[in-house]
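Scroll down for the structure; my scribbles are underneath it.
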Amino acid sequence: MVELEIGGTQIQFDPAAVSALRYRAAYGRSALAALEDCRDLQCLERVLLRMAHCMIPPDHRPVLTEFARLARRDPEFIPKALSLRDALYGLDHRFRPHTGGGAGELDEYDLIAGLLAAQLDTAMLYELPLMHLTGILARASDQNNPDIPAYRPMTATELADLYPKRS
């Protein structure tokens with residue numbers, strides 16, 4: 001959980017992937033894609049407001065209009081909400097995006113399908129940020145792909161054969 005003060009009130013936000021799924025279910029597309037389409041400050045504020053609202057756990061979530069009133073009282077809301085976006089969509093440092101076809105908008109529903117297809121525990125949706133789950137799926141896919149060699153350190157003999165010493 002991430003705790004921030006918004007408009008004078010301490011609020012806890014959940015950066016787990018389930019928050020991105022809540023946004024997707026409520027507004028029909030990824031918050032990340034909606035943020036990319038923003039061309040002015042009002043649009044940015046509106047999308048960040050909805051995203052932050054979806055990140056509040058349901059049992060503590062105020063009505064959207066009440067949360068918007070708090071957020072608009074806070075002159076630092078946009079930078080705070082951008083930090084929430086970074087927590088929600090934070091990139092796994094080990095993630096290697098695949099260069100194959102099929103590039104397009106991030107689809108949180110594809111993430112659920114991938115978790116189920118890889119027979120991974122969907123409880124991770126409540127624990128990890130979205131891009132960390134994407135990295136896990138990419139690594140699981142790599143492990144099951146016979147065309148991608150598994151990494152292992154070379155043995156001393158293999159290193160000696162590859163880099164012989166001068167005599």
Side-chain angles (χ1 to χ4, degrees), residues 1-100 102-118 120-142:
M1 290 289 191
V2 175
E3 190 168 318
L4 288 176
E5 181 264 319
I6 304 287
T9 304
Q10 287 293 117
I11 301 174
Q12 287 192 337
F13 297 91
D14 185 4
V18 70
S19 296
L21 288 166
R22 284 185 194 119
Y23 185 96
R24 171 75 184 211
Y27 300 105
R29 66 185 304 211
S30 170
L32 201 56
L35 286 169
E36 287 177 4
D37 289 345
C38 287
R39 300 291 175 239
D40 59 26
L41 198 57
Q42 291 170 334
C43 176
L44 179 67
E45 180 186 54
R46 185 172 49 251
V47 173
L48 289 172
L49 187 68
R50 290 176 180 163
M51 182 202 68
H53 185 255
C54 288
M55 291 177 71
I56 300 171
D59 51 339
H60 300 295
R61 188 178 305 147
V63 178
L64 180 60
T65 54
E66 187 179 308
F67 179 68
R69 214 168 314 159
L70 281 174
R72 289 188 175 125
R73 270 191 290 183
D74 191 339
E76 295 295 314
F77 173 72
I78 290 179
K80 289 175 184 178
L82 288 172
S83 72
L84 289 173
R85 178 212 51 198
D86 293 345
L88 181 62
Y89 290 101
L91 190 61
D92 178 0
H93 70 282
R94 291 179 53 190
F95 176 62
R96 289 183 286 90
H98 290 282
T99 56
E105 182 176 311
L106 173 71
D107 190 341
E108 291 83 358
Y109 294 153
D110 284 343
L111 176 68
I112 294 172
L115 287 172
L116 293 171
L120 297 171
D121 188 3
T122 55
M124 288 189 288
L125 291 169
Y126 293 90
E127 301 298 326
L128 298 173
L130 193 68
M131 296 308 283
H132 285 256
L133 288 176
T134 305
I136 289 170
L137 283 176
R139 286 192 290 279
S141 173
D142 288 350

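Since this is a predicted model, take the numbers as computed values, not measurements.
- A search for salt bridge (Lys or Arg N to Asp or Glu O under 4.0 Å) contacts involving Arg72 returns Glu45, not counting sequence neighbours.
- Taking the side chain as every heavy atom from C-beta outward, Phe13 and Ile6 approach each other to under 4.5 Å.
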*Step-by-step side chain to side chain contact (heavy atoms under 4.5 Å, CB included) determination, Leu4 to Ser83*: CA-CA 10 Å; Leu4 288 176; Ser83 72; 4.2 Å; yes
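- Listed by chain and number, the residues in a salt bridge (Lys or Arg N to Asp or Glu O under 4.0 Å) with Asp59 amount to none (sequence neighbours excluded).
- Here Leu88 contributes atom CG and Leu84 contributes atom CG; the two are 8.5 Å apart, rounded to the nearest 0.5 Å.
- To the nearest 0.5 Å, atom CZ of residue Arg61 and atom CE of residue Met55 are 11.0 Å apart.
- Of the possible donor and acceptor atoms, one in the side chain of His53 sits under 3.5 Å from a partner among the backbone N and O of Pro62.
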*asked:* The test is side chain to side chain contact (heavy atoms under 4.5 Å, CB included); show your working for Arg24 and Ile112 and say whether it passes.
replied: CA-CA 12 Å; Arg24 171 75 184 211; Ile112 294 172; over 6 Å; no
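- Listed here is the closest heavy atom pair of Leu64 and Tyr27: CD2-OH, 3.9 Å.
- The CG atom of Leu32 lies 7.5 Å from the CZ atom of Arg85; values are rounded to the nearest 0.5 Å.
- Pairing each heavy atom of Asp74 with each of Glu5, the nearest pair is OD2-O, 3.3 Å.
- Closest of all the heavy-atom pairs between Ala31 and Met51 is CB-CG, 4.1 Å.
- The number of heavy-atom neighbours closer than 6.0 Å to CD of Gln42, taken from other residues, nucleotides and ligands shown, is 12 or below.
- Between Glu127 and Asp121, the closest side-chain pair of non-hydrogen atoms is not below 4.5 Å.
- Annotation for Tyr126: atom OH does not count as buried by contact number, only 12 or fewer foreign heavy atoms lying within 6.0 Å.
- For the atom pair CG of Leu41 and CD1 of Ile78, the computed distance is 4.0 Å after rounding to the nearest 0.5 Å.
- Atom CZ of Phe77 sits about 5.0 Å away from atom CG of Leu49, to the nearest 0.5 Å.
- The two atoms that bring Met1 and Pro57 nearest to each other are CE-CG, 3.5 Å, heavy atoms only.
- A donor-acceptor pair is defined here as one N or O able to donate and one able to accept, closer than 3.5 Å; such a pair exists between the side chain of Asp40 and the backbone of Cys43.
- Every residue was checked against the salt bridge (Lys or Arg N to Asp or Glu O under 4.0 Å) condition with Asp14, not counting sequence neighbours, and none meets it.
- The nearest pair of heavy atoms linking Arg22 to Ile56 is NH1-O, 4.4 Å.
- The minimum heavy-atom distance linking Ala87 with Pro129 is given by the pair O-CB, 3.5 Å.
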